[in-house]
Number of protein chains: 2
Amino acid sequence: MENQQIKEAGLKVTAPRVKILGILENCGKRHMSAEDVYKELISQDEEIGLATVYRVLTQFEGAGLVCRRHFEGGQSVFELNSGEHHDHLVCIKCGKIVEFVDLTIEKRQAKIAADNAFQIEDHSLVVYGICGDCQNKR
Amino acid sequence: MENQQIKEAGLKVTAPRVKILGILENCGKRHMSAEDVYKELISQDEEIGLATVYRVLTQFEGAGLVCRRHFEGGQSVFELNSGEHHDHLVCIKCGKIVEFVDLTIEKRQAKIAADNAFQIEDHSLVVYGICGDCQNKR
DNA sequence: GTAAGAGTGAAAATCTTTCGCATCTTGATC
DNA sequence: GATCAAGATGCGAAAGATTTTCACTCTTAC
Ligand SMILES: [Mn+2]
Ligand SMILES: [Mn+2]
Ligand SMILES: [Zn+2]
Ligand SMILES: [Zn+2]
């Protein structure tokens, strides 16, 4: 369960960490802001401060348990690290998020970086649009 | 000159707007944060408040004169709207920015969006890496 | 030239995220 | 199981970026 993953990440097993990891795993929402996690904790009557949520998420990120995303809209969004890199399609109306991987794009990026003598460290690709459901709602 | 562009954008021609547009056009730095613009104004002994810089840049963005970018690092970065869309390669050591356009990537994005019934509105692709110069500096 | 509506600077307010610190837990040890 | 140092936590304050408010000034249409 969560305890094991936290231990393996080299972190002490504490109630906030177990709770937060549990929420990320079972809450149903794959992409959550710190605030989202905090509200979920509150709704479960957990007494965990927002600062702790940020601290824990940042530690989880450092330990490779979660990934932090910077979509438009101010807040960072966190998701469990699935192991494989992926990019995102985000609906600007309802916030729906679709994940995708495209080898062609990944390869082109590598080529572009190489052509410019850049050694790639990371990249962020987010496509914003209106999802099918939201298109029909007009 | 600037006056014309501002008028055409449907904005009144005021000293702050003319000055700020002038800086974006002639300052030599293509990508500038609001703070960068503000400092440049200060160095030119202009008495323009940072709030006005933000206001004006946001208006310019709305009018299509500039584009706002959200690279990692907290601050938004602005650049003159060159008319053609492009993406960025950013050096995480020195901040150097290289612009690029890749039709293959653009097409793949369109296809991915279509496959998922999304109507694309916008997208952001930023590749972070270490530029040639910075690689040699180690 | 004038008036009405826009725009401006400075300060205050927001919003998200991080810090400082007194207090509590965890996990290794006896 | 009791002990204890290192590490965590909660809370409020602080920070950094951007926006809003407000009293005053400027632009523009007439
Ligand atoms: Mn994802
Ligand atoms: Mn650019
Ligand atoms: Zn939608
Ligand atoms: Zn560099």
Side-chain angles (χ1 to χ4, degrees), chain A residues 1-23 31-42 44-63 65-78 95, chain B residues 1-23 31-42 44-63 65-78 95:
Chain A
M1 58 182 343
E2 288 87 22
N3 296 36
Q4 202 50 41
Q5 303 177 62
I6 293 174
K7 204 166 287 177
E8 281 166 14
L11 299 170
K12 283 190 183 178
V13 177
T14 66
R17 288 174 181 162
V18 173
K19 261 294 164 199
I20 291 172
L21 186 52
I23 285 175
H31 302 85
M32 300 182 80
S33 67
E35 192 79 34
D36 289 338
V37 173
Y38 179 64
K39 285 190 183 132
E40 182 61 28
L41 285 166
I42 295 299
Q44 293 181 24
D45 286 310
E46 294 293 334
E47 307 231 323
I48 296 178
L50 181 55
T52 297
V53 174
Y54 274 105
R55 257 187 310 239
V56 169
L57 288 172
T58 300
Q59 292 159 340
F60 282 0
E61 182 190 18
L65 287 176
V66 309
C67 294
R68 183 192 302 250
R69 312 288 180 191
H70 299 95
F71 299 151
E72 308 253 333
Q75 289 173 268
S76 290
V77 170
F78 301 81
Chain B
M1 59 185 334
E2 288 87 22
N3 296 35
Q4 202 50 41
Q5 303 176 62
I6 292 173
K7 204 166 287 177
E8 281 167 14
L11 298 170
K12 286 191 181 174
V13 176
T14 65
R17 288 173 183 161
V18 173
K19 259 295 163 200
I20 291 172
L21 186 52
I23 284 175
H31 303 86
M32 300 182 81
S33 67
E35 192 79 35
D36 289 337
V37 173
Y38 179 63
K39 284 190 184 131
E40 183 60 30
L41 285 166
I42 295 299
Q44 294 181 23
D45 285 311
E46 294 295 333
E47 305 231 322
I48 295 178
L50 181 55
T52 297
V53 174
Y54 274 106
R55 249 185 319 236
V56 170
L57 288 172
T58 301
Q59 292 158 343
F60 282 0
E61 181 190 17
L65 287 176
V66 309
C67 295
R68 183 194 301 251
R69 312 289 180 190
H70 299 95
F71 299 152
E72 307 256 332
Q75 288 172 268
S76 291
V77 170
F78 301 81

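We use all heavy atoms of the structure for the numbers below, so side chains are in, but hydrogens, waters and symmetry mates are not.
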Please report the distance, rounded to the nearest Å, between [atom1] in [X] and [atom2] in [N].
X: B:I48; N: D:dC26; atom1: CD1; atom2: C1'; result: 14 Å
X: A:Y38; N: C:dT17; atom1: OH; atom2: P; result: 14 Å
X: B:R17; N: D:dC26; atom1: CZ; atom2: C1'; result: 11 Å
X: A:K7; N: D:dA8; atom1: NZ; atom2: P; result: 14 Å
X: A:Y54; N: D:dG10; atom1: OH; atom2: P; result: 15 Å
X: B:L50; N: C:dT8; atom1: CG; atom2: P; result: 14 Å
X: B:K19; N: C:dT8; atom1: NZ; atom2: P; result: 15 Å
X: A:D36; N: C:dT17; atom1: CG; atom2: C1'; result: 15 Å

Discussion item. Here's a test of your reading of the structure: between B:A51 and B:G73, which maps to the more 5' nucleotide of DNA chain D?
Written reply: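 Counting from the 5' end, the first nearest nucleotide belongs to B:G73.
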Worksheet entry | 5' precedence on DNA chain D between A:Q59 and B:L11 (nearest-nucleotide basis) |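 The residue mapped nearer the 5' terminus is A:Q59.
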Worksheet item: When rounded to the nearest 0.5 angstrom, what is the spacing between CZ in B:F71 and OG in B:S33?
Response: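 So the CZ of B:F71 and the OG of B:S33 are separated by 12.0 Å.
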Discussion item. Working to the nearest 0.5 angstrom, can you tell me the gap between A:K12 NZ and A:I6 CD1?
Written reply: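 A:K12 atom NZ to A:I6 atom CD1 measures 13.5 Å (nearest 0.5 Å).
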Quick one: is [N] close enough that its OP1 or OP2 comes under 4.0 Å of any side-chain N or O from [X]?
X: A:R55; N: D:dA8; answer: no
X: B:T14; N: C:dT8; answer: yes
X: A:S76; N: C:dT17; answer: yes

Fill in: Shortest non-hydrogen separation from A:R17 to A:F60 and the atoms involved
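Heavy-atom minimum between the residues: O-CZ, 3.6 Å.
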Worksheet item: What's the shortest heavy-atom distance between A:D36 and A:H31, and which atoms?
Response: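 Nearest pair, atom of A:D36 first, then A:H31: OD2-O, 4.4 Å.
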Worksheet item: Which nucleotide in the list D:dT19, D:dG12, C:dA6 gets nearest to the side chain of B:K12?
Response: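 Nucleotide nearest to B:K12's side chain: C:dA6.
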Worksheet item: Do we see a donor-acceptor contact under 3.5 Å between the side chains of A:T52 and A:R55?
Response: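 A pair is found: one side chain offers a donor N or O, the other an acceptor, under 3.5 Å apart.
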Discussion item. Categorize A:E35 for me: base, sugar-phosphate, or nothing, with a 4.0 angstrom heavy-atom threshold over every strand shown.
Written reply: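 The residue A:E35 makes no contact with any strand.
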